[in-house]
Each structure stands twice: as C-alpha cells, then as structure tokens.
Number of protein chains: 2
Amino acid sequence: MNTTLQLNLNPNLYLKDPQSTELGKKIIENAINLIDKIGFEAFTFKKLSVSIDSTEASIYRYFENKHRLLVYLITWYWTWVEYNIQFETHNIADAHERLLIALKIIAEKKGKDQNFPDVDEPALQRIVIAESDKTYLTREVDDINKEGLFRGYKSLCKTISSIVSEISPDFKFPDALISTSLEASHQQVFFAKHLPSLSELREADDVFEENFHFLKTLVLNTIR
Amino acid sequence: MNTTLQLNLNPNLYLKDPQSTELGKKIIENAINLIDKIGFEAFTFKKLSVSIDSTEASIYRYFENKHRLLVYLITWYWTWVEYNIQFETHNIADAHERLLIALKIIAEKKGKDQNFPDVDEPALQRIVIAESDKTYLTREVDDINKEGLFRGYKSLCKTISSIVSEISPDFKFPDALISTSLEASHQQVFFAKHLPSLSELREADDVFEENFHFLKTLVLNTIR
DNA sequence: AAGTTTAAGTAGTATTACTATCATAAACGA
DNA sequence: TCGTTTATGATAGTAATACTACTTAAACTT
C-alpha cells in the first residue's frame, strides 16, 4: 500500500486546516523540528516564521497561538497511536492479548510512519515526552476541553480502559489506571533521562522496552 | 507545643533566604496567594510587587526568576510532606503500616499547619496539583538538578520506595512505582476537576479519600 | 476585463522579563 | 556618635514576546 493517509482531527484545533495547504504543512513540519530542538517555552511564531521563510501573521491565520499549535501536535500523536492500536488489535478476540498490544504500542519507541510523510514521528514522540502535559496544565483547560480538543487523548484512554473492564469487570478504577499509565509512559522516560533517581529505567536503546515491562507489571498486577 | 518551625531548604533555591526577612516572608505568602488565584503563566514579579507594595527589583533580590520561585514553593511542599511522613511513621515497626501512612499523607487534603504561620498549605496544595510538573518540564531541568534543587522530591520518593523494597525485596521498580504514584496523586485530582473522563475520582469533599483508595490499590496490588 | 474573495506581508503596540543605576534609611560596630 | 555596611526603593531602560490591524498581491469567478 502506497497511499498517504490523513488523520481526521477536530476542526476547533486550528483556525485554518494546516493539512489543506503547502504553507500549512510547512508549519507543522517545521514546528515539530523547532519545538524538538529548542523546547516549547523558547519556541515562538517569530522563530518559526523565519525557519519557514514566511511571517508571524501568516502562522497566526492557522493557529490562534503557540499553545493551540502544541495541542494540535499532541492530539495528532495520540490519534495516530490510537489508530495503530485499533489496527493491531483488530480481529483479536482475547482481551488480555489486546491489552498487551495496546500497552506495547504506548510504551515503545516510535519510528517513521510512511503513511504520513509530513510528520516526523520520532521527533514528535520526544515532544510528547517533554511537553505533552503542558497541553492541559493551563488555566484555559476548561475552555479547551469544552471545544473538544482533548477528545483524542480521552478516546485513547477509553479504548484501553474498556479492555481493562472486559478483563476485570469488577475493577474500580480502569480510567484512572490507564490515564496514570499513559502519563507514566512518557514521565518515566523523561525521568530516566533527566532525574534517574526517580526511576529504575535507564537511558539507553532499551528504555522503551523497560518502559513496556514496567507498564505491563503496573497494569496487570493492579487489575488481577 | 507552640514553637514555629522552619524547614531547611537548599540555599541554591534562592538568592537571599526569604525566611530571613519580613519582605521575604511577604513574598512567599503573597506569591502563594497570587499563583493560586491567577495561575503560574499569568503570574509576574510586577504583579507580585504591586500586591506586596514593593518593587520588581526587590523581588529579584530574593529569586532569580519566577520559575525558581515556583521550584522553591514546590520543594517547600514536598519537604513538608516528607517531614510529616517521618513524624507519623516514627517508631512504627511494621513496613506495611508505614507504607499506608505515607500513601495516606500523600493523597490527603492538606489543612493549615500552625507550625508554619506564613504558609497557606491548602493553597499550596492547589498549586502543587496544577503547577508542580512545570518545575521539571523545562529545558533547564539538568542545570536545576545539578544544583540539587530537586532533592526534596527525590528524597521523598526514596523514603517511600525503600519501604516498598522492605515489603517486597524482589520487586523490580520501587522508584518508578512511587514516582508514578506521587505524580498520580495530583494528576488524578486535576483530572477529577477538569477532565473527569480520565478518572473515576469525582470532584467533591471526598476526592482525596478516593485518591487514597486508588493509590492504595495501585501500589499494594503492584508489589504484592 | 472587472470585481471579489482569499492569502500573505508590513508595521505597530502593550506587556514581559529582566538589568542597571542611584538614592535613602535602618542597623551595626568601634 | 560617627562611619559603614546592608536592605529596600525609585527610576529608567532594553530586547523579546505575543499579539492586532492594515495593506497589498494573487487567484478565481462571471
């Protein structure tokens, strides 16, 4: 299969769909590179406009502000992860097996997906690890939520927590357990790199394998 | 007992010890109020200087910038929490019992502690819930860590994870489990309030009890 | 070819996050 | 009591940020 795909995202995420124009695609591609390189706080529309050889005002026509752009990128990521989970668990009857596949996909290191040529998934994963919590840790969280912008993340959480409920119908906290696990899946990788005394995971090629191992232990032991 | 106490914090947290002067204490007291009221992003030294009827320059003599001030406040909180855990678990032989006390203290709603008249602990707990992750989610994390500013949090994590190891010496991830639990203890309360579909906890007087119940389930099931 | 929608560039503003300098007043030591 | 640290305050200034408003250019329609 050689077709390129497009994820359907909530139109409230943008003022003008960046997937619909050349400039829009350049904004996404270069925003990922730039945030990955300098971090979200230092990232500005001015710097982005220089790197795509355009202007601040043009970028403001696509996104209300840089926070909304971050929400767009992070939502793209979770929607993509959920798509992969749906794809890989399709036609698998055993709930336990489906849960393991889902946890694996969440925990693992992401490579380039040829279906989406404009998105650098490995860079985007690094952004998720370092910046994703900033999407909701803001005073605007309720407004943003009202517009439905967290649907991607919430839907992913629901997908996995319902597998948990299928396995252990009496378990009281499937949503809390899975949201905790989703957060842990990037927090622990961050700790491994920057605050290693907070985690047994160690920065190396296999952090992501250890990450999977930890998540598996956490989730399976908790619901059993 | 009627003496007031003072927590010993790493001097790198400040340029000049705010606990040593009247102005310093006013800065801490009003910073807590102001961040609680308007959030960390909207909080500025200018606004703080107006609320304490002083000047920006004076505040800059105590803290390098507003991020360092946040690190100071959050460190104060975790150091205080660890002090409480030490106090309450002292002389208790049974590790399982000590673990439950520690989880309870982490999870519970904080009231005013008369030992520290200048600190509004309930407001500070709200700041921890909404802003604490911003202390380390920054490009400066490695520099800040090198100065030892995360010692409070790391020490708390170690204290509890060593109880875990005492109970289950073969468990592979005591640090990861406890850092995950510490993060969950404020994340789940945040979700209950702002993104309730990510958690079974519900905003009400007993969120903190449910929080304890969830943490207990998570930790005890995982290590058993 | 004229008119109209749409995209993109130019220019400007208020605020933020500082830094630097100088004045003054209290506190402290000899 | 005189002189000197030390703490705070007042004032000003700067580069960068996060926008907004206005204007021009291109593209598409009739």
Side-chain angles (χ1 to χ4, degrees), chain A residues 11 13-31 34-35 37-73 118 131 134-135 137-141 143-144, chain B residues 11-31 34-35 37-73 118 131 134-135 137-140 143-144:
Chain A
L13 282 163
Y14 45 76
L15 295 171
K16 179 191 170 113
D17 187 358
Q19 309 209 60
S20 71
T21 66
E22 277 313 304
L23 183 64
K25 285 178 200 162
K26 267 173 82 180
I27 289 173
I28 297 305
E29 209 184 320
N30 286 273
L34 196 53
I35 296 174
K37 207 197 309 182
I38 65 176
F40 183 66
E41 329 298 329
F43 169 81
T44 67
F45 279 2
K46 184 94 223 350
K47 290 173 187 165
L48 179 57
S49 73
V50 170
S51 88
I52 61 175
D53 202 34
S54 176
T55 62
E56 258 184 294
S58 299
I59 299 168
Y60 274 104
R61 278 183 200 101
Y62 287 84
F63 294 100
E64 242 176 283
N65 52 51
K66 71 172 188 167
H67 183 255
R68 292 294 178 116
L69 171 53
L70 181 68
V71 175
Y72 177 92
L73 295 176
D118 302 323
E131 322 282 4
K134 295 171 190 166
T135 55
L137 291 176
T138 161
R139 286 279 143 154
E140 286 81 48
V141 58
D143 296 330
I144 294 174
Chain B
N12 289 332
L13 283 164
Y14 44 77
L15 295 171
K16 179 190 172 117
D17 187 357
Q19 309 209 61
S20 70
T21 66
E22 278 313 303
L23 183 64
K25 286 177 198 162
K26 265 174 83 181
I27 289 173
I28 297 305
E29 210 184 319
N30 286 272
L34 196 54
I35 295 174
K37 207 199 305 184
I38 66 176
F40 183 65
E41 330 299 329
F43 170 81
T44 67
F45 279 2
K46 186 91 223 350
K47 289 174 188 166
L48 179 57
S49 73
V50 170
S51 88
I52 62 175
D53 202 33
S54 176
T55 62
E56 255 183 298
S58 298
I59 298 169
Y60 274 105
R61 285 188 193 103
Y62 287 84
F63 293 100
E64 245 177 280
N65 53 51
K66 71 174 188 165
H67 183 255
R68 292 293 179 117
L69 172 52
L70 181 68
V71 175
Y72 178 93
L73 296 177
D118 304 322
E131 322 282 3
K134 293 171 192 167
T135 54
L137 292 176
T138 159
R139 286 278 144 156
E140 287 80 47
D143 296 330
I144 294 174

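Heavy atoms only: backbone and side chains are in, while hydrogens, waters and symmetry mates are out. Numbers restart at 1 for each chain; the letters A, B, ... are given by sequence-line order, proteins then strands.
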**Q** Strictly below 4.0 Å: does Y62(B) bring a side-chain N or O up to OP1 or OP2 of dT8(D)?
**A** yes
**Q** How close or far is atom C1' of dA7(D) from atom CD of Q19(B), stated in whole angstroms?
**A** 18 Å
**Q** Around atom NZ of K47(A), are there more than 12 heavy atoms of other residues, nucleotides or ligands at under 6.0 Å?
**A** yes
**Q** Look at the side chain of S58(A) and decide which nucleotide, out of dA8(C), dC19(D), dT8(D), has an atom nearest to it.
**A** dA8(C)
**Q** In whole Å, what is the span from the CZ atom of F45(B) to the P atom of dG9(D)?
**A** 15 Å
**Q** Using a cut-off of 4.0 Å on non-hydrogen atoms, how would the nucleic acid contact of K66(B) be classed: base, sugar-phosphate, or nothing?
**A** sugar-phosphate
**Q** Measuring from S58(B):OG to L23(B):CG, what's the distance to the nearest 0.5 Å?
**A** 6.0 Å
**Q** Whole angstrom is fine here: how far is it from CD in E64(A) over to P in dC19(D)?
**A** 9 Å
**Q** Between I52(B) and E56(B), who's closer to the 5' end of DNA chain D by nearest nucleotide?
**A** I52(B)
**Q** Distance check needed: dA18(D) C1' versus R68(A) CZ, whole Å only.
**A** 15 Å
**Q** Taking all atoms of both residues into account, what is the closest heavy-atom pair of Y72(A) and Y14(A), and its distance?
**A** CE1-CD2, 3.7 Å
**Q** Can you measure K46(B) atom NZ to dT19(C) atom C1' for me and round it to whole angstrom units?
**A** 15 Å
**Q** Within the 4.0 Å heavy-atom criterion, would you say Y60(A) contacts the bases, only the backbone, or no part of the nucleic acid?
**A** base
**Q** Expressed in angstrom and rounded to an integer, what is the separation of I59(B) atom CD1 from dA10(D) atom C1'?
**A** 14 Å
**Q** Indicate yes or no for a side-chain donor-acceptor contact from K134(B) to the backbone of L137(A) under 3.5 Å, with no hydrogens or angles considered.
**A** yes
**Q** Which nucleotide in the list dT10(C), dA7(D), dC19(D) gets nearest to the side chain of K16(B)?
**A** dA7(D)
**Q** Among dC18(C), dT11(D), dA8(C), find the nucleotide with the atom closest to the side chain of N65(B).
**A** dC18(C)
**Q** Specify the separation, in whole Å, of atom CG of L48(A) and atom P of dA18(D).
**A** 12 Å
**Q** Where the side chain of L23(B) is concerned, which of dG9(D), dA7(D), dC19(D) is the nearest nucleotide?
**A** dG9(D)
**Q** Please confirm whether the backbone N or O of F40(B) pairs with a side-chain atom of K66(B), one donor and one acceptor, at under 3.5 Å?
**A** yes
**Q** Please tell me which of D53(A) and H67(B) maps to the more 5' nucleotide of DNA chain C, matching each residue to the nucleotide holding its nearest heavy atom.
**A** D53(A)
**Q** Output the rounded distance in Å from CG (D17(A)) to C1' (dA7(C)).
**A** 15 Å
**Q** So which atom in K16(B) and which in T21(B) form the shortest heavy-atom distance, rounded to 0.1 Å?
**A** CE-CG2, 4.0 Å
**Q** Under 30°, 30 to 60°, or over 60°: which ring-plane class applies to F45(A) and F43(A), parallel, tilted or perpendicular?
**A** perpendicular
**Q** How is T44(B) classified with respect to the nucleic acid when contacts are heavy atoms under 4.0 Å: base, sugar-phosphate, or nothing?
**A** sugar-phosphate
**Q** Does T21(A) make a side-chain N or O approach to OP1 or OP2 of dA7(C) shorter than 4.0 Å?
**A** no
**Q** Which of these nucleotides, dT16(C), dT10(C), dT17(D), is closest to any side-chain atom of K47(B)?
**A** dT16(C)
**Q** Any idea which heavy atoms bring L15(A) and R61(A) closest together, and the distance?
**A** CB-O, 3.3 Å
**Q** Can you tabulate the close N/O pairs, meaning under 3.5 Å, that link protein atoms to atoms of nucleotides 22-27 of chain C?
**A**
none

